[in-house]
Amino acid sequence: MGRNVGLVLALVALGIVGYVTAGERFASIDNVLTILRSAAVIGVLSIGMTFVITAGGIDLSVGSVMGLSTVWASTLATQTMAADTHWIVMVVTALAVGTVCGLINGVLIAYGKVVAFMSTLAMMVAARGLAEMISNRQTQIVTVKPFLNFFRADFIGIPVLVWMFVVVAVAGWIVLNRTTFGRRTIAVGGNPEAARLAGIKVKRHLMYLYCLVGFTAGIAAVMMLGRTTAGSSTNGLFYELDVIAAVVVGGTLLVGGRGTIVGTVFGVLIFMTLTNIFTLNNMSTSAQNVAKGVIIVVAVLLQQRFASRTRSD
């Protein structure tokens with residue numbers, strides 16, 4: 001609760017800074033919705049990443065997997081099939097591609113004993129390369145109108161993409177905090193050997209976790225297609241950095257053993273609000289990156305302090 005209060009205060013402070021520096025442009029409803037739309041895709045990816053980092057893992061490939069999923073779901077063949085049957089074909093394609101990529105990562109890490117950093121780094125490069133090959137490095141425009149109409153619609157004034165983020169966040173919170181799967185995830189991150197001795201099939205659970213983060217990458221790909229109306233090999237470029245940063249700032253320990261979905265949501269909102277403030281004030285992306293770097297360093301230092309205090313207790 002204390003950590004979440006700190007995140008709320010940080011978000012409120014950013015809101016005050018945004019209002020002081022940009023005035024009504026920042027405080028307008030349209031701008032708030034813009035922030036939420038930007039947060040939705042990163043947020044869904046961050047929910048999946050929270051599970052992996054809680055278990056002591058890492059996934060550097062989420063951005064590339066999302067990009068590959070947008071390309072595969074927007075190919076001429078997929079869109080033709082969707083037009084002839086139902087636009088859900090594009091959704092299933094994106095989810096399947098993301099989940100299969102996550103499964104490959106999970107098998108290599110859990111059963112192949114490849115270090116998570118190296119396995120997901122290889123997937124990051126391979127997925128981006130495959131996306132470029134499929135699309136021939138060209139942007140693929142989505143032409144299936146029912147698909148666009150659904151994902152670009154509003155519900156009670158709030159974009160469908162934002163509602164999707166809310167649903168994924170709520171589902172993630174329930175799974176992590178109220179299910180056996182969530183308790184096993186925390187146990188594996190806290191002490192894999194103790195979890196194994198307690199009867200948890202650690203390898204299989206790790207594989208499931210990487211499938212989960214791949215699945216969320218597929219959801220994010222569908223959202224990206226709805227938001228930009230285009231599949232491209234550049235979709236999701238460097239997203240993994242923002243995703244990991246949001247999860248860490250939110251309070252999930254990089255060493256595993258503790259995760260928070262609520263904190264992750266606030267972490268995403270903090271970064272997206274910060275980016276919006278810099279954009280409204282016409283500040284360079286270099287300044288944005290410096291500010292994000294400072295926030296990440298402070299968050300990691302606080303994590304180390306918390307971890308050392310926990311060990312001493």
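- Contact check for Val268 versus Val249: no side-chain heavy atoms found under the 4.5 Å cut-off.
- Side-chain atoms of Asn105 and Ser61 include a donor-acceptor pair closer than 3.5 Å.
- Among all heavy-atom pairs drawn from Glu240 and Ser64, the shortest one is OE1-N, 4.3 Å.
- A pairwise comparison of heavy atoms in Ala55 and Leu206 identifies CB-CD2, 4.3 Å as the closest pair.
- The CD1 atom of Ile53 sits 9.0 Å away from the CG atom of Asp59 when rounded to the nearest 0.5 Å.
- Note on Phe150 and Ile141: separate hydrophobic clusters, where clusters join Ile, Leu, Val, Met, Phe, Trp and Tyr whose side-chain heavy atoms are under 4.5 Å apart, directly or indirectly.
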Pair Thr21-Phe278, side-chain contact (heavy atoms from CB on, under 4.5 Å): steps then yes or no | CA-CA 10 Å; Thr21 58; Phe278 275 87; over 6 Å; no
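- Distance alone, capped at 3.5 Å, is enough to place a donor-acceptor pair between the Thr120 side chain and the Leu60 backbone.
- Separating the OG1 atom in Thr264 from the CD1 atom in Ile42 is a distance of 12.5 Å, to the nearest 0.5 Å.
- The two residues Ser74 and Gly231 have their closest heavy-atom pair at OG-CA, 3.4 Å.
- Note: Ile134 CD1 to Trp72 CH2 = 4.5 Å, rounded to the nearest 0.5 Å.
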I would like to know whether Met224 and Phe151 meet side-chain contact (heavy atoms from CB on, under 4.5 Å); could you show each step before the answer?
-> CA-CA 9 Å; Met224 179 65 77; Phe151 288 102; over 6 Å; no
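- Here the CG-OG distance, from Leu68 to Ser135, works out to 9.5 Å after rounding to the nearest 0.5 Å.
- Taking 4.5 Å as the limit, every side-chain heavy atom of Trp173 sits out of range of all side-chain heavy atoms of Ile47.
- The aromatic rings of Trp163 and Phe155 lie perpendicular to each other, with more than 60° between the two planes, well past the 30° mark.
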Please assess Met164 against Val167 for the test side-chain contact (heavy atoms from CB on, under 4.5 Å), listing each intermediate value before the final yes or no.
-> CA-CA 5 Å; Met164 291 178 67; Val167 170; 5.7 Å; no
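- In summary, the side chains of Thr78 and Thr75 do present a donor paired with an acceptor at a separation below 3.5 Å, with no hydrogens or angles considered.
- In this structure, Leu103 is a member of the same hydrophobic cluster as Leu95, with clusters built from ILVMFWY side-chain heavy atoms closer than 4.5 Å.
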For side-chain contact (heavy atoms from CB on, under 4.5 Å), just list the numbers for Phe51 and Val213, CA-CA rounded to whole Å, side-chain angles, deciding distance to a tenth of an Å, and then say yes or no.
-> CA-CA 8 Å; Phe51 280 87; Val213 74; over 6 Å; no
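- Leu209 is not listed as a side-chain neighbour of Thr54, based on a closest heavy-atom distance of 4.5 Å or more.
- For the pair Thr50/Thr260, no side-chain contact is recorded, criterion being any heavy-atom separation below 4.5 Å from C-beta on.
- With contacts defined as side-chain heavy-atom distances shorter than 4.5 Å, the pair Thr229/Arg152 qualifies.
- Here the side chains of Phe147 and Gln79 are not in contact, with every heavy-atom distance at 4.5 Å or above.
- The closest donor-acceptor contact from the side chain of Arg25 to the backbone of Leu280 lies under 3.5 Å.
- Of the candidates Asn31, Asn281, Thr34, Asn276 forms a side chain to side chain donor-acceptor pair (under 3.5 Å) with just one, namely Asn31.
- In this structure, Ser38 OG and Arg227 CZ are separated by 4.5 Å, a value rounded to the nearest 0.5 Å.
- Under a hydrophobic-cluster definition in which Ile, Leu, Val, Met, Phe, Trp and Tyr are linked whenever side-chain heavy atoms come within less than 4.5 Å, directly or via other members, Val17 and Ile270 are assigned to different clusters.
- Atom-to-atom distance recorded for Ile158:CD1 and Arg37:CZ is 10.5 Å, nearest 0.5 angstrom.
- Partner Tyr239 forms a side-chain contact (heavy atoms from CB on, under 4.5 Å) with one of Val41, Val62, Val65 and no other, that one being Val41.
- No continuous path of hydrophobic side-chain contacts links Met90 to Met81 [ILVMFWY only; heavy atoms under 4.5 Å].
- When each of Thr234, Thr228, Asn235 is checked for a side chain to side chain donor-acceptor pair (under 3.5 Å) with Thr70, only Asn235 meets the rule.
- Annotation: side chain of Asp84 is not in contact with side chain of Val89 (no heavy-atom distance under 4.5 Å).
- Using a 4.5 Å heavy-atom threshold, the side chains of Leu11 and Leu7 count as separate.
- Under a 3.5 Å cut-off, the side chain of Arg196 and the backbone N or O of Lys203 do not form any donor-acceptor pair.
- Note on Met123 and Val97: separate hydrophobic clusters, where clusters join Ile, Leu, Val, Met, Phe, Trp and Tyr whose side-chain heavy atoms are under 4.5 Å apart, directly or indirectly.
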